[in-house]
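Following: one structure in structure tokens, then a few remarks.
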Amino acid sequence: MPTYPNNAIQDSTIETHAKALRDTLSSTTRVYHPDSTEFKTLSARWSALAGPKVNVVVVPSTEDDVAKIVQYARTTGLPILAFNGVHAAITTLGRMQGGIEIYMGQLSNVKIAQDNKTVTIGGGTLTKAVTDTLWNVGKQTVTGTCESVSVLGPALGGGHGWLQGHYGLIADQFISMNIVLADGTLHTIDASSDLWWAMKGAGQNFGIVTSLTSKIYDIEQYDWAIETLIFDGDKVEALYQAVNDYLSPVPAHLINWSYWLNIPNIDPNKPIVMLYIIQEGATAVSPTYTKPFHDIGPLSIDAESGDYRDLARWTQVALDSPPSQKTGLANPRFPAYIKEYNVAAQKLAYDAFAAEVSGNSPFAKSIFMFESYPVQGVQAIESDSTAFAFRDDNILTAPLIAYMPSSDELDRQAAELGNKLREIIRRGSGSEELHAYVNYAFGDESPQNWYGYEQWRQDRLMALKKKYDPDCRFNFFAPIKHDTYREE
Ligand SMILES: Cc1cc2nc3c(=O)[nH]c(=O)nc-3n(C[C@H](O)[C@H](O)[C@H](O)COP(=O)(O)OP(=O)(O)OC[C@H]3O[C@@H](n4cnc5c(N)ncnc54)[C@H](O)[C@@H]3O)c2cc1C
């Protein structure tokens, strides 16, 4: 029976392992010790809660190097984990108590095929590189919104992005990929592989993707516009009623996000509500969408226009925006998908959130996120065709409880608050089921919450896990446990 691979490298043997890796890998691959500056930089993470611990950082420079590292780890019994944009905050990663970090940053490249129909992306490429390279030749594809997140990180869990109303999730763009499996072999897989289904929603469990070929599209609309409206927290009910009445279902060319957060110089006593209404193919957001919100009486309205590349900056997820920085904060999220807003539940959640994050609260930097992406492209794809299980849901909600970690007790309070807020939203949805986007997950959810309640989904994932990763080598991110799995 396999056990969880979790043996840290003893300090006395780090140099032996580092030397063995250097001797095996190509000359431009880098291997870093814990006492080097590079180690500290390359192992720092976006969320400081329950992060994985590593003893050696290896920065492969070829796809073959990744295969050799996985082979080496397998032979020596050492744990491994891919580090890419390092934004994953799921606490299951904290079960890694030592081992080899595979930092993917040298496998960053974007190559458009000669027929201009596909793009091949290195396994360590960040979103911005793809967006910019494609834009320069009049093309685009679905990526995550945040410039500092990798392409593969979101994609392997499904992947939400600005263009999903037209083309589906990031994973729906996959044509083929190179993947290093748990036995250390490198394969090219596509729709003809039984593993293909699992890579679109549960992919972190099955290997390390060293490159990906995806669909690309002609840019049809160059113009984009945004209105950012800030409301007093007292307007929560009116605002979400208006979202239900005027922005639901969200048209394919429209996105609305809202955040609850403290901005003390606007309201020193309680969180404000910030609403983004974003429109594609317009130089100003149409009054059809904005007037109902102007009528509620926002504290401020800001309008901007530009193109697709401006979206990240407008919504504060650009490379240099605050949410892209590693600040030492713990940033756990507690996601719940819903179909529409329950206005009474929004009010209950707001009041509970405001009570806990206002004033001198250690959680004062928290944000409650509500992301309404258009779903037409997502729902046009058969639900059972991918491991991503929640195509019927429309809105991604998540409190993000941000705080400077200082004690187990504070961590416990943060988890309690996050779960309490999420539970208000779930109960308001009227569903017994909790649908949690795996890429936002906290870590205390069940495989049903991450990968769907249908038994056939769980059975299929477990069978594939047993076939492709029988020793559970890739089990730190939202793990799938097959039936002979035993945790030590
Ligand atoms: C500011 C911010 C913005 C975000 N925006 C979006 C968004 O717009 N859309 C969305 O869907 N999600 C978004 N997310 C969530 C995001 O999808 C997850 O946090 C994701 O895990 C981040 O991927 P990463 O590469 O940055 O992180 P990492 O922590 O480096 O990677 C996450 C996990 O993915 C696996 N992994 C990474 N690379 C590979 C690879 N090449 N092969 C195999 N496994 C790999 C590893 O298991 C790793 O632990 C956002 C998160 C943040 C913090």
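As the structure is a computational prediction, the values presented were derived from the model and not from experiment.
- Remark: the H33 side chain and the E38 side chain contain no N/O donor-acceptor pair separated by less than 3.5 Å.
- For Q204 and N439, the side-chain atoms include at least one donor-acceptor pair closer than 3.5 Å.
- Looking at E371 and Y440, their side chains do bring a donor and an acceptor atom within 3.5 Å of each other.
- Using modelled atom types and a 3.5 Å distance limit, the side chains of W450 and E445 yield a donor-acceptor pair.
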(message) Using side-chain hydrogen bond (donor to acceptor under 3.5 Å, both in side chains), reason through H166 and E280 one step at a time and then give a plain yes or no.
(response) CA-CA 11 Å; H166 302 300; E280 182 187 18; 2.6 Å; yes
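- Tested against N475 for a side-chain hydrogen bond (donor to acceptor under 3.5 Å, both in side chains), the candidates K465, K481, R95 yield a single pass: K465.
- Classification of the W260-F353 ring pair by plane angle, with boundaries at 30° and 60°, yields tilted.
- If you check the side chains of N342 and Q346, you find no donor sitting under 3.5 Å from an acceptor.
- Of the charged side-chain nitrogens involved, at least one lies within less than 4.0 Å of a carboxylate oxygen, so that R391 and D172 count as a salt-bridged pair.
- A cation-pi geometry, defined here as NZ or CZ lying under 6.0 Å from the six-membered ring centre and within 45° of its normal, holds between R45 and F83.
- Defined by atom type and a distance below 3.5 Å, a donor-acceptor pair is missing between the side-chain atoms of T397 and R422.
- T288 and S286 form a side-chain donor-acceptor contact under 3.5 Å, judged by distance and modelled atom types alone.
- A side-chain N or O of Q379 and one of N394 form a donor-acceptor pair less than 3.5 Å apart.
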(message) Pair F390, Y437 - check ring pair (Phe, Tyr, Trp, His ring centres under 6.0 Å), show working.
(response) CA-CA 8 Å; F390 303 128; Y437 181 35; 9.1 Å; no
(request) Would you check, one step at a time, whether the test side-chain hydrogen bond (donor to acceptor under 3.5 Å, both in side chains) holds for Q458 with E454? (result) CA-CA 7 Å; Q458 298 295 326; E454 300 96 323; over 6 Å; no
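- Not less than 6.0 angstrom separates the ring centroid of F370 from the ring centroid of Y259.
- Counting only N and O atoms by type, the side chains of Y337 and S429 include no donor and acceptor under 3.5 Å apart.
- Taking the ring centre of Y451 as origin, the terminal cationic atom of R457 falls outside the region bounded by 6.0 Å and 45° from the ring axis.
- Judged purely by distance below 3.5 Å, without hydrogens or angles, the side chains of N331 and Y403 never pair a donor atom with an acceptor atom.
- The heavy-atom pair separating K200 from A171 by the smallest distance is CE-O, 3.5 Å.
- Of all heavy-atom pairs spanning I170 and A155, the tightest one is CG2-CB, 3.6 Å.
- No hydrogens or angles considered: nothing links the side chains of N205 and D469 as a donor-acceptor pair under 3.5 Å.
- Using a 4.0 Å cut-off between a side-chain N of Lys or Arg and a carboxylate O of Asp or Glu, R313 and E147 do not qualify as a salt bridge.
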